[in-house]
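A quick write-up on the structure given underneath.
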Amino acid sequence: MTHLIINSPLQPVNRDPPAVGSSCLPPASRVGVVPGCASLYPPSGIYATSLIGVNREGRMGGSGEYLKLFVDEASFYNRIVLGNLLPAAAWESLPHPLQTWLRNYIGGTFIYFLSGFLWCFYIYYLKRNVYVPKDEIPTRKAMILQIYVAMKAMPWYSALPTLSEYMVESGWTRCFSRISDVGWPAYIVYMSIYLALVEFGIYWMHRELHDIKPLYKYLHATHHIYNKQNTLSPFAGLAFHPLDGILQAVPHVMALLLVPTHFTTHMALVFLEAIWTANIHDCIHSNMWPVMGAGYHTIHHTTYRHNYGHYTIWVDWMFGTLQDPKDDGSKKVM
């Protein structure tokens with residue numbers, strides 16, 4: 001067996017090969033350099049990123065054994081979702097990427113309907129006339145149309161996180177498996193950079209979908225048929241042309257190539273998009289500066305030239321496209 005020795009400034013490395021029959025796998029609670037197996041499990045600390053960074057083939061992501069942690073985690077999620085909803089014969093024989101796509105499709109659909117129905121029930125029935133005047137509540141027909149558009153696109157949406165997981169499992173990204181591999185301070189720094197890149201990327205992708213006329217006509221216009229308060233609802237959050245929705249989520253994947261990112265956190269953020277987009281399409285201005293809430297996004301749907309941002313108002317402010325919500329009759333959340 002060939003052993004790749006990594007000199008870490010954090011811990012000494014035992015250069016002796018492991019004894020015959022011994023295991024290179026550390027206990028689940030142990031993170032760090034394993035004697036004789038220094039390449040398999042990167043040490044914790046700020047230097048771990050450089051250790052995860054390159055494997056024997058020179059690709060980003062770590063050694064084959066370390067990459068197996070990502071495969072095992074994805075397989076665990078597959079068993080949770082598919083194992084509890086489908087008979088074993090229906091999914092266990094499928095290739096791993098197809099299992100992952102099916103899990104993403106089921107999970108994305110579940111989150112979309114759960115967040116949409118619960119939020120509609122709360123703002124349109126439990127709080128009727130509190131947040132949204134009765135005459136501005138979207139019709140049932142409008143919401144059914146939004147659900148129809150979103151569900152046509154959902155199989156294609158599910159392909160993007162499937163691709164990102166394949167990239168991670170193949171070692172093409174800078175992902176790490178455990179927060180302890182880099183430490184909490186580095187994790188916070190990396191996630192801040194990740195979110196800033198995603199915000200910047202989504203802003204420009206969204207803006208170009210407006211500025212490049214063929215992209216708007218054939219892709220983004222599908223979403224902008226909902227351009228009044230009585231046509232926007234939480235279900236409009238994913239009502240896009242499939243390619244439009246994928247393009248606006250691509251920055252999540254591109255950031256993995258640039259920034260060391262915690263795999264589980266990345267996947268959670270991708271799926272939380274369904275909840276976030278439901279929230280910013282409810283026309284309720286929460287006035288939580290600097291969050292790009294529904295008040296800002298409603299203006300985007302009515303002016304078409306402002307508030308392209310996703311999570312915050314910063315990029316719109318930087319490039320002169322920010323417009324503050326006006327008193328349009330919608331209620332503020334206290």
Side-chain angles (χ1 to χ4, degrees), residues 108-109 111-154 157 202-203 206-207 209-210 215-242 244-245 248 272-289 291-313 316 321-334:
T109 301
I111 294 173
Y112 172 71
F113 278 107
L114 181 67
S115 59
F117 276 119
L118 288 180
W119 198 233
C120 286
F121 179 73
Y122 180 74
I123 63 177
Y124 298 151
Y125 293 95
L126 289 184
K127 297 294 184 178
R128 181 186 292 267
N129 289 325
V130 176
Y131 298 132
V132 181
K134 183 177 181 180
D135 59 350
E136 293 184 2
I137 295 177
T139 65
R140 185 173 301 177
K141 180 180 179 180
M143 289 189 281
I144 290 174
L145 176 61
Q146 292 161 8
I147 292 172
Y148 172 74
V149 173
M151 292 314 299
K152 280 203 309 180
M154 190 64 73
Y157 293 163
I202 292 178
Y203 171 89
H206 190 183
R207 184 167 174 174
L209 283 163
H210 279 266
L215 291 182
Y216 182 82
K217 179 179 179 180
Y218 296 108
L219 298 181
H220 201 50
T222 299
H223 183 66
H224 269 276
I225 62 173
Y226 317 113
N227 55 9
K228 298 178 182 178
Q229 290 197 19
N230 62 358
T231 61
L232 284 166
S233 83
F235 288 113
L238 294 181
F240 292 90
H241 184 285
D244 182 2
Q248 294 198 60
L272 285 173
E273 288 288 343
I275 299 175
W276 179 251
T277 56
N279 174 263
I280 64 175
H281 286 86
D282 63 13
C283 299
I284 301 173
H285 178 38
S286 59
N287 196 25
M288 294 177 61
W289 185 91
V291 175
M292 178 67 74
Y296 289 95
H297 198 70
T298 302
I299 290 175
H300 171 76
H301 272 264
T302 55
T303 70
Y304 297 79
R305 306 302 302 172
H306 301 92
N307 302 349
Y308 299 103
H310 194 56
Y311 298 120
T312 72
I313 65 173
D316 279 286
T321 55
L322 181 66
Q323 181 172 321
D324 290 331
K326 297 179 180 179
D327 185 13
D328 57 2
S330 59
K331 304 291 185 180
K332 292 184 178 181
V333 178
M334 298 299 181

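Side-chain atoms of Asn307 never come within 3.5 Å of backbone atoms of His300 as a donor-acceptor pair (strictly under, hydrogens ignored). Not one N or O on the side chain of Trp289 forms a donor-acceptor pair closer than 3.5 Å with the backbone of Ile313.
A search for salt bridge (Lys or Arg N to Asp or Glu O under 4.0 Å) contacts involving Arg128 returns nothing, not counting sequence neighbours. Phe121 pairs by the ring-ring contact (aromatic ring centres under 6.0 Å, His included) definition with nothing, not counting sequence neighbours. For Leu114, the side chain to side chain contact (heavy atoms under 4.5 Å, CB included) criterion is met by Phe110, Leu118, not counting sequence neighbours. By the side-chain hydrogen bond (donor to acceptor under 3.5 Å, both in side chains) test, Tyr311 is found to be paired with Glu273, residues two or more places apart in sequence or in another chain being considered. Residues that satisfy the side chain to side chain contact (heavy atoms under 4.5 Å, CB included) test with Ile275, not counting sequence neighbours, are Ile111, Ser115, Leu272. Under the ring-ring contact (aromatic ring centres under 6.0 Å, His included) criterion, His241 pairs with no residue at all, not counting sequence neighbours. Residues passing the side-chain hydrogen bond (donor to acceptor under 3.5 Å, both in side chains) test with Asn227 are Tyr304, sequence neighbours excluded. Partners of His297 under the side-chain hydrogen bond (donor to acceptor under 3.5 Å, both in side chains) rule, at least two apart in sequence or in another chain, are His281, His301. Under the ring-ring contact (aromatic ring centres under 6.0 Å, His included) criterion, Tyr203 pairs with Tyr308, Phe319, not counting sequence neighbours. Looking at residues two or more places apart in sequence or on another chain, you find a ring-ring contact (aromatic ring centres under 6.0 Å, His included) between Phe240 and His223. Among residues two or more places apart in sequence or in another chain, the side chain to side chain contact (heavy atoms under 4.5 Å, CB included) test is passed with Ile123 by Trp119, Tyr131, Pro234, Asp282, Ile284.
The CG atom of Leu219 lies 6.5 Å from the CG atom of Leu209; values are rounded to the nearest 0.5 Å. Between Leu238 atom CG and Met154 atom CE the span is 5.5 Å, to the nearest 0.5 Å. With values rounded to the nearest 0.5 angstrom, Tyr125 atom OH is found 7.0 Å from Ile137 atom CD1. Annotation: the span from Ile299 atom CD1 to Cys283 atom SG amounts to 11.0 Å, rounded to 0.5 Å. For the atom pair Leu322 CG and Met292 CE, the distance stands at 6.0 Å (nearest 0.5 Å).
Crowding of Met151 atom CE: a count of heavy atoms from other residues, nucleotides or ligands under 6.0 Å exceeding 12.
Closest heavy-atom contact between Pro242 and Tyr157: O-CE2, 3.8 Å. Looking at every heavy atom in both residues, Tyr112 comes nearest to Phe235 through OH-O, 2.8 Å.
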Could you tabulate the donor-acceptor pairs under 3.5 Å formed by side-chain atoms of residues 138-149, not counting sequence neighbours?
from	atom 1	to	atom 2	distance (Å)
Thr139	OG1	Ala142	N	3.1
Gln146	OE1	Ser233	OG	2.5
Gln146	OE1	Ala236	N	3.2
Gln146	NE2	Thr231	O	2.5

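Note: His306 and His210 fail the aromatic proximity criterion, with ring centroids not under 6.0 Å apart.
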